[in-house]
Structures are given as structure tokens and as C-alpha cells.
Amino acid sequence: HHPVLIGRLEKLAENDDGFAWHPYHVRLGNALFVHGDVANPRMDEARLRVSRERFASHGRPAAWKHLAYDLVVATRLHVLVAKLWYPERVVLNRVARYVRSLGCDVSHGVRNVYFGHTHRTLVNRPWNGMRFHNGGAPIPGLLFQILKADLS
């Protein structure tokens, strides 16, 4: 959800009648790509919009916040937080609920759901008739892998 990318996508949509996009999800074939914030509690499209707008308006964080984050990573506290804040079953239920709220679930041909931000690696995890994928996070102490999307 980067402003430069959004601007380019808007311009592309203006110039190509066959192209349409949405700022918070993309559907390609049987695959749906959503923002990882959809795994947060009680997330729906309206709350996601507010959350992303708030994030975009904050600017660069203060230096002490970077130092605090580095300390959390150095002590591996982030590994515990990821496990406690984003337990797999809870994440899967939250993301599946969000996907259903979009009208893009298995009954509409979605077989694969890709999301990020939870810092939990999930590859080809079956849930509610769909398969869920998350590459994890490229942060020391956490698992990460680049995922190859199944668009068949």
C-alpha cells in the first residue's frame, strides 16, 4: 500500500478499460492476495482502510522507536509476540472471515489466500476449504520464505 504504487495503478486503470484494482486486495484466478492487517482482531474493509490511512499519515518514526524495535529483535521478544498475538488457528479464522466478508471465498472460486504481516510462516495450510499462505518475515529469529503463488 505504497503511495507511488497506488498512483501508478490509478493511472493504469484510467488508461486501460480492462484493468481494475482495489487498494487492499487483488484476485488473480483462484488466488486472493490480502494485506496482513486483516489478521488483526475484528478487521473488516472499513477498519483496514482507516488503519492504513492512519499508518500512511504518520511519517518517519522517531529514532527511539527504531532503537526500541532493535532491542525487541535482539532479545527475541518479537518471536514470543508473534506466537502470542498471531496463533495459527486465530490467524486462519480472522483471515478466512475477512475473505468471506469480501465475497471472495471458496464458494466464489478462491482456492488460495496469500497474506503477510503476521510474521508466521504458513504454506499451503488448508482451512475452510481454501489454502492459506504467509511467507513469514525476513527478521532475525523468524522464519521467512518467498512463496510461489498458485494462479491456476
Side-chain angles (χ1 to χ4, degrees), residues 1-59 61 69 72-73 76-152:
H1 193 75
H2 192 277
V4 173
L5 178 60
I6 290 171
R8 290 183 178 165
L9 290 170
E10 287 172 349
K11 190 170 190 154
L12 182 61
E14 289 172 9
N15 296 324
D16 185 346
D17 292 338
F19 177 77
W21 74 286
H22 188 280
Y24 305 112
H25 65 269
V26 173
R27 172 131 184 226
L28 298 171
N30 72 4
L32 181 68
F33 299 83
V34 296
H35 194 283
D37 281 355
V38 305
N40 290 343
R42 298 176 306 281
M43 190 59 71
D44 59 20
E45 200 163 359
R47 285 187 174 112
L48 180 60
R49 183 177 55 255
V50 169
S51 171
R52 300 315 303 159
E53 288 170 358
R54 187 179 317 123
F55 179 81
S57 68
H58 278 152
Y69 184 80
V72 166
V73 171
R76 298 180 53 88
L77 185 59
H78 65 300
V79 176
L80 178 62
V81 169
K83 288 180 181 175
L84 294 176
W85 188 253
Y86 293 114
E88 183 176 300
R89 186 177 200 89
V90 171
V91 166
L92 290 167
N93 279 325
R94 288 176 183 168
V95 176
R97 185 181 65 239
Y98 182 84
V99 167
R100 280 192 307 275
S101 78
L102 296 176
C104 289
D105 61 6
V106 68
S107 67
H108 296 92
V110 171
R111 300 283 180 261
N112 292 287
V113 178
Y114 297 86
F115 63 101
H117 193 64
T118 63
H119 300 184
R120 307 222 6 125
T121 303
L122 293 169
V123 180
N124 213 22
R125 177 67 162 84
W127 197 261
N128 289 354
M130 297 174 283
R131 295 198 171 272
F132 290 80
H133 312 271
N134 184 314
I139 300 171
L142 296 174
L143 297 176
F144 175 71
Q145 67 184 80
I146 295 173
L147 301 175
K148 183 175 180 180
D150 177 4
L151 303 178
S152 59

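All values below were derived from every heavy atom in this structure, side-chain atoms included, with hydrogens, water molecules and symmetry-related copies excluded.
The aromatic rings of Tyr86 and His117 stand perpendicular to each other, their planes meeting at an angle above 60°, with 30° marking the opposite boundary. Classification of the Phe132-Phe115 ring pair by plane angle, with boundaries at 30° and 60°, yields perpendicular.
Residues His78 and Tyr69 fail the side-chain proximity criterion, which asks for heavy atoms closer than 4.5 Å. Counting only heavy atoms from C-beta outward, the side chains of Arg27 and His22 never approach each other to under 4.5 Å. Using a 4.5 Å heavy-atom cutoff, the side chains of Val106 and Arg111 are in contact. With contacts defined as side-chain heavy-atom distances shorter than 4.5 Å, the pair Leu102/Leu32 qualifies. You'll find the side chain of Tyr98 stays beyond 4.5 Å of the side chain of Asn40, heavy atoms only.
Rounding to the nearest 0.5 angstrom, the gap separating the CE atom in Met130 from the CG atom in Asn30 is 11.5 Å. Atom CG in Leu142 sits 7.5 Å away from atom CZ in Arg76 (nearest 0.5 Å). In this structure, the separation between CZ on Arg125 and CZ on Arg131 is 9.5 Å, given to the nearest 0.5 Å. Atoms CG and NE2, from Leu122 and His133 in turn, are 9.5 Å apart once rounded to the nearest 0.5 Å. The structure places CG of Leu28 at 11.5 Å from CG of Asn112, a figure rounded to the nearest 0.5 Å.
Only one option out of Val113, Val34, Val110 pairs with Cys104 in a side chain to side chain contact (heavy atoms under 4.5 Å, CB included); it is Val110. Of the candidates Glu53, Arg47, Arg52, Arg49 forms a side chain to side chain contact (heavy atoms under 4.5 Å, CB included) with just one, namely Glu53.
The ring of Tyr24 has its center no closer than 6.0 angstrom to the ring center of His35.
Checking side-chain atoms of Tyr114 against main-chain N and O of Gly135 turns up no donor-acceptor pair under 3.5 Å. At distances below 3.5 Å, not a single donor-acceptor pair connects side-chain atoms of Ser101 with backbone N or O atoms of Asp44.
Between Ala96 and Asn128, the shortest heavy-atom distance links the atoms CB-ND2, 3.5 Å. In terms of heavy atoms, Phe144 sits closest to Gly136 at CD1-C, 3.9 Å. Across Ala82 and His119, no two heavy atoms sit closer than the pair CB-CB, 4.1 Å. In terms of heavy atoms, Ala39 sits closest to Thr118 at CB-CG2, 3.5 Å. Across Met43 and Arg97, no two heavy atoms sit closer than the pair N-NH2, 4.1 Å. In plain terms, the two heavy atoms of Arg120 and Pro87 that are nearest each other are NE-C, 4.3 Å.
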Could you list the donor-acceptor pairs under 3.5 angstrom formed by side chains in residues 3-18, with sequence neighbours left out?
unit_1	atom_1	unit_2	atom_2	d
Asn15	ND2	Lys11	O	3.1
Asp16	OD1	Gly18	N	2.8

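A 6.0 Å sphere centred on CD1 of Ile146 holds no more than 12 heavy atoms belonging to other residues, nucleotides or ligands.
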**OP:** Step by step, work out the side-chain contact (heavy atoms from CB on, under 4.5 Å) result for Asn93 and Trp127.
**Re:** CA-CA 8 Å; Asn93 279 325; Trp127 197 261; 3.2 Å; yes

